[in-house]
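Here's the structure, in structure tokens; my notes come after.
For the single chain, residues carry numbers from 1 onward in sequence order. Whatever order the structure lists ligands and atoms in, that order sets their numbers, starting from 1.
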Amino acid sequence: MDKIQMVDLHGQYLKIKDEIDQGIREVIDSCQFINGPAVKNFGEHLSQYLGGSEVIPCANGTDALQIALMALGLKPGDEVIVPAFTYVASAEVIGLLQLTPVMVDVDYRTFNISLDALREAITPKTKAIIPVHLFGQSSDMEPIMEIARQYGLYVIEDNAQSLGGSYRFRDGKVAKTGTIGTIGCTSFFPSKNLGCYGDGGAIFTSDQELAGKLRMIANHGQKVKYYHSVIGCNSRLDTIQAAILDVKLRHLDEYCVARHNAAKYYTQAIRQIDPEERLFATPVEKNFSMHVYHQYTLLVNEGRRDDLKKYLSEQGIPSMIYYPLPLQEQEAFKPIVRKGSELANAKECADRVLSLPMHTELTKETQDYIIEKLQQYIKECR
Ligand SMILES: *Cc1c(COP(=O)(O)O)cnc(C)c1O
């Protein structure tokens, strides 16, 4: 068996090498490195994939979130609600724009924003909510959109970990995650579900006027070259990355299925070796969400998370803690954050989560080995 990896980008590349290499070669041959045809083509293909949303490609997922907030005309001191258990970028951009991050708790089994905490956190200063579809599972968007309508709030979906996933409304209608809120943001960081070979990101909206504004902000605040209407930034998707993404987008649905199948295999096996969830609580899939397993994340009981991580590592099995410190405890946020609710679950998640290897090339053989070692660990814990 090969060395076990958290993600296997090389194995994935080898299967699509010819298409990828040809795409890259075409960009180099044309020398249109900035805003070449591949950027437009990929944007159009992604728009079709998402069911017609406008797609504004940009330099990375963090920029996507920043540009989204810039386009909404918020003023310093306005409050933006964000879950306390997420990657830093979701909240960092709020602080960067001198807005106030209001941190709210998560549901500790789905890792996504808690609706009760969200309701509790709203004040007259609240202007926007950033639900994060963490680890590949959609937040509960229908009630979030209802709350947003009730209080007149914008919703920016942080879809960096869930591109390809979807949400089912109560009437049965299904929409891709990232296309439901006012604006959706994603990242093409190499290890993301649709990853390029460098940095990349994109912004989605179904509002044409807003799309124009987002495009303008990402392009130095100009619609006509050298005529700048607003302060913007320089955030472009590289043409080479767009060519790579255009190839990989054709495989995204297969990749989602591969991740979902691998997750199902883990969960069935772990339920068998630990039926009472004495040590391991497996991820919960909500019926409103088509989970695309950016990460396969266990909650480890009995304070054994760090010990288990060490044990797995000794058996040649990598694992990762996403994320070890909730945002309310990060130095950077202490001076600016407002706590919108109790944050006990965010803390508990940070103390208990452990993500196992999860990628599109994971074999049953590798998973069997990992499961065997988890079982051995349970025995040694008795
Ligand atoms: C990766 C990620 C981002 C940021 O994306 P970059 O492309 O790395 O800037 C934002 N939010 C979440 C939840 C992410 O996982």
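- For the 3.5 Å distance criterion, the side chains of D158 and Y87 fail to qualify, holding no donor opposite an acceptor.
- K15 and E361 are joined by a salt bridge, as a carboxylate oxygen and a charged side-chain nitrogen come within less than 4.0 angstrom of each other.
- Looking at S53 and S206, their side chains never bring a donor and an acceptor atom within 3.5 Å of each other.
- Exactly one of L97, I94, V80 qualifies for a side chain to side chain contact (heavy atoms under 4.5 Å, CB included) with L74. That residue is V80.
- Side-chain N/O atoms of Q328 and K334 include no donor and acceptor closer than 3.5 Å.
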Can you list every pair where an N/O of ligand 1 is under 3.5 Å from an N/O on the protein?
| unit_1 | atom_1 | unit_2 | atom_2 | d |
| --- | --- | --- | --- | --- |
| ligand 1 | 5 (O) | S187 | OG | 3.3 |
| ligand 1 | 7 (O) | G61 | N | 2.8 |
| ligand 1 | 7 (O) | S187 | OG | 2.7 |
| ligand 1 | 9 (O) | N60 | OD1 | 3.4 |
| ligand 1 | 9 (O) | G61 | N | 3.3 |
| ligand 1 | 9 (O) | T62 | N | 2.8 |
| ligand 1 | 9 (O) | T62 | OG1 | 2.5 |
| ligand 1 | 11 (N) | D158 | OD1 | 3.3 |
| ligand 1 | 11 (N) | D158 | OD2 | 2.7 |
| ligand 1 | 15 (O) | Q161 | NE2 | 2.8 |
| ligand 1 | 15 (O) | K192 | NZ | 3.1 |

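- For K223, there are no salt bridge (Lys or Arg N to Asp or Glu O under 4.0 Å) partners, not counting sequence neighbours.
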